[in-house]
Amino acid sequence: MGSRRRDDVNYRNPCLTMHQPWASLLVYGIKRIEGRSWPSPVTGRLWIHAASKIPDPETIKAMEDFYKQIYALDGVTNLKFPEHYPVSRLLGCVEVVGCVKCEELTSWEDVPQGVRLEGQTAFCWLCEQPQKLLVPFEMRGNQGVYNLEKRILEGALRGLCPVEPPMRVKFPLPDPRNPLSIKPGSLAHGLKTGPNKSKMDEGSSPNLAAAIAGARAAATQFSKKSYGPPTAGFQGQGSRNNAKENAQRLETSYEQPW
């Protein structure tokens with residue numbers, strides 16, 4: 001799989017396109033970790049856009065069951081899930097406060113058990129302060145992290161509404177004086193870590209183990225097709241046949257969600 005990082009991009013208003021139901025779960029504050037095979041290229045506000053694929057009921061149920069189980073570990077049993085999972089829409093934003101490796105997150109004793117169990121990919125983007133749009137904006141997405149168009153940004157800023165997550169999580173900084181100090185490898189320096197408790201938790205309950213297996217199966221349906229980072233002129237250039245092919249690739253190229 002090609003890296004989706006674009007070191008040559010100046011991210012002013014970064015946006016990430018995600019499949020549903022993961023996109024709405026993140027914007028509603030239920031999902032705290034965005035998992036990727038590559039480290040986050042941004043810190044701060046990240047806009048979330050839902051891809052065009054309509055989620056099937058089995059996928060929605062698998063992910064909702066997963067979050068019910070992991071929140072129950074931390075005593076939260078009254079989760080309220082989104083009533084709808086809209087597609088091809090800008091949904092809202094979160095604050096990416098840092099990024100750590102999977103093994104760091106799963107052994108991080110200073111965060112709730114449920115958060116540790118969200119660590120299922122190589123890199124874990126830590127998300128706080130979810131906000132949703134009162135009226136999601138219809139728009140087309142792109143691969144990797146990309147800049148939101150100015151006209152869309154201006155309208156989105158006027159329509160943001162704070163979200164009260166089921167359980168507010170604040171990720172502690174390795175260096176309290178540096179808000180950008182949560183980076184891959186940073187937990188080895190100064191933060192309290194312990195054994196990988198997520199593995200023990202996973203095996204301690206048949207219901208939890210089944211929920212994790214179901215969530216993994218739901219996510220892997222998107223991992224079979226992947227492409228490298230977008231090249232210059234990926235959209236809006238070339239012949240009509242190439243444009244059609246690129247559009248088809250775009251709809252199938254988003255990385256396995258977590």
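Bear in mind that the values here come from a model prediction, so they are computed numbers and not experimental data.
- To the nearest 0.5 Å, atom CD of residue Gln20 and atom CG of residue Leu26 are 10.5 Å apart.
- Across Leu134 and Cys161, no two heavy atoms sit closer than the pair CD2-CB, 3.6 Å.
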Go through the steps for Trp125 and Val100 under the test side chain to side chain contact (heavy atoms under 4.5 Å, CB included), then give the verdict. CA-CA 7 Å; Trp125 304 10; Val100 297; over 6 Å; no

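- Here the straight-line distance linking atom CD of Glu34 with atom CG of Leu25 works out to 11.0 Å at 0.5 Å rounding.
- Among residues at least two apart or in separate chains, there is no ring pair (Phe, Tyr, Trp, His ring centres under 6.0 Å) pair with a member in residues 70-90.
- The backbone N or O of Ile33 lies less than 3.5 Å from a partner atom in the side chain of Lys31, making a donor-acceptor pair.
- Using a 4.5 Å cut-off on side-chain heavy atoms (C-beta onward), Arg45 and Gln131 make contact.
- Hydrophobic clustering places Val27 together with Met18 (ILVMFWY residues linked when any side-chain heavy atoms are closer than 4.5 Å, directly or through intermediates).
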Output, in order, the C-alpha distance, side-chain angles, deciding distance and verdict of side chain to side chain contact (heavy atoms under 4.5 Å, CB included) for Gln120 and Thr106. CA-CA 9 Å; Gln120 301 285 338; Thr106 56; over 6 Å; no

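- Side-chain N or O atoms of Asp74 include one that pairs as donor or acceptor with a backbone N or O of Gly114 at under 3.5 Å.
- By the 4.5 Å heavy-atom criterion applied to side chains, Gln113 and Arg116 are counted as neighbours.
- A donor-acceptor pair under 3.5 Å is absent between the side-chain atoms of Glu118 and the main chain of Val115, judged by distance alone.
- Counting heavy atoms from C-beta outward, Ile182 and Pro174 have side chains that approach closer than 4.5 Å.
- For Thr59 (side chain) and Pro55 (main-chain N/O), no donor-acceptor pair under 3.5 Å exists by modelled atom type.
- Inter-residue side-chain proximity for Lys132 and Leu91 is flagged as unmet; no heavy-atom pair is nearer than 4.5 Å.
- Proximity of a side-chain donor or acceptor of Thr17 to a complementary backbone N or O of Gly141 within less than 3.5 Å is not detected.
- Leu73 and Ile212 fall within a single hydrophobic cluster, where Ile, Leu, Val, Met, Phe, Trp and Tyr side chains are chained together by heavy-atom contacts under 4.5 Å.
- When all heavy atoms of Val87 and Ala51 are compared, the closest pair comes out as CB-O, 3.1 Å.
- Here the closest non-hydrogen pair linking Ala218 and Met63 is CB-SD, 4.2 Å.
- Atom CD in Glu58 sits 12.0 Å away from atom CG in Asp65 (nearest 0.5 Å).
- Here Lys101 contributes atom NZ and Ser107 contributes atom OG; the two are 12.0 Å apart, rounded to the nearest 0.5 Å.
- Both Phe137 and Leu157 sit in one connected hydrophobic cluster of ILVMFWY residues. Membership requires side-chain heavy atoms under 4.5 Å apart, directly or through other members.
- Without hydrogens or angle criteria, Glu128 side chain to Val97 main chain gives no donor-acceptor distance under 3.5 Å.
- Contact check for Cys99 versus Lys183: no side-chain heavy atoms found under the 4.5 Å cut-off.
- At least one side-chain heavy atom of Leu90 sits under 4.5 Å from a side-chain heavy atom of Leu148.
- Open room surrounds CD1 on Ile54; 12 or fewer heavy atoms of other groups in view lie less than 6.0 Å from it.
- Nearest approach of Cys124 to Leu105, heavy atoms of both residues: SG-CD2, 3.7 Å.
- When atom types are taken as modelled, the side chain of His49 and the backbone of Met139 share a donor-acceptor pair closer than 3.5 angstrom.
- The distance from atom NZ of Lys68 to atom OG1 of Thr77, rounded to the nearest 0.5 Å, is 11.0 Å.
- The minimum heavy-atom distance between Trp38 and Gly144, with the atom names listed, is CH2-CA, 4.2 Å.
- Remark: the backbone N or O of Asn10 is paired with a side-chain donor or acceptor of Asn147 at under 3.5 angstrom.
- With hydrogens and angles disregarded, no donor-acceptor distance shorter than 3.5 Å links the side chain of Glu95 to the backbone of Gln129.
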Side chain to side chain contact (heavy atoms under 4.5 Å, CB included) for Trp108 and Leu187? Distances and angles first, verdict last. CA-CA 8 Å; Trp108 195 356; Leu187 299 196; 3.5 Å; yes

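- Following chains of ILVMFWY side-chain contacts shorter than 4.5 Å, one cannot reach Leu180 starting from Leu126, and the two form parts of different hydrophobic clusters.
- Legend: residues meeting side chain to side chain contact (heavy atoms under 4.5 Å, CB included) with Val42, ordered by chain and number and at least two apart, are Tyr11, Pro14, Ser40, Leu46, Val145.
- Using a 4.5 Å heavy-atom threshold, the side chains of Pro86 and Ser24 count as touching.
- Atoms CD1 and CH2, on Ile60 and Trp22 in that order, are 9.5 Å from each other to the nearest 0.5 Å.
- The two atoms that bring Phe66 and Leu117 nearest to each other are CZ-O, 3.9 Å, heavy atoms only.
- Side-chain contact check for Pro165 versus Ile30: every heavy-atom pair is 4.5 Å or farther apart.
- Using modelled atom types, no side-chain atom of Glu149 and backbone atom of Leu153 make a donor-acceptor pair closer than 3.5 Å.
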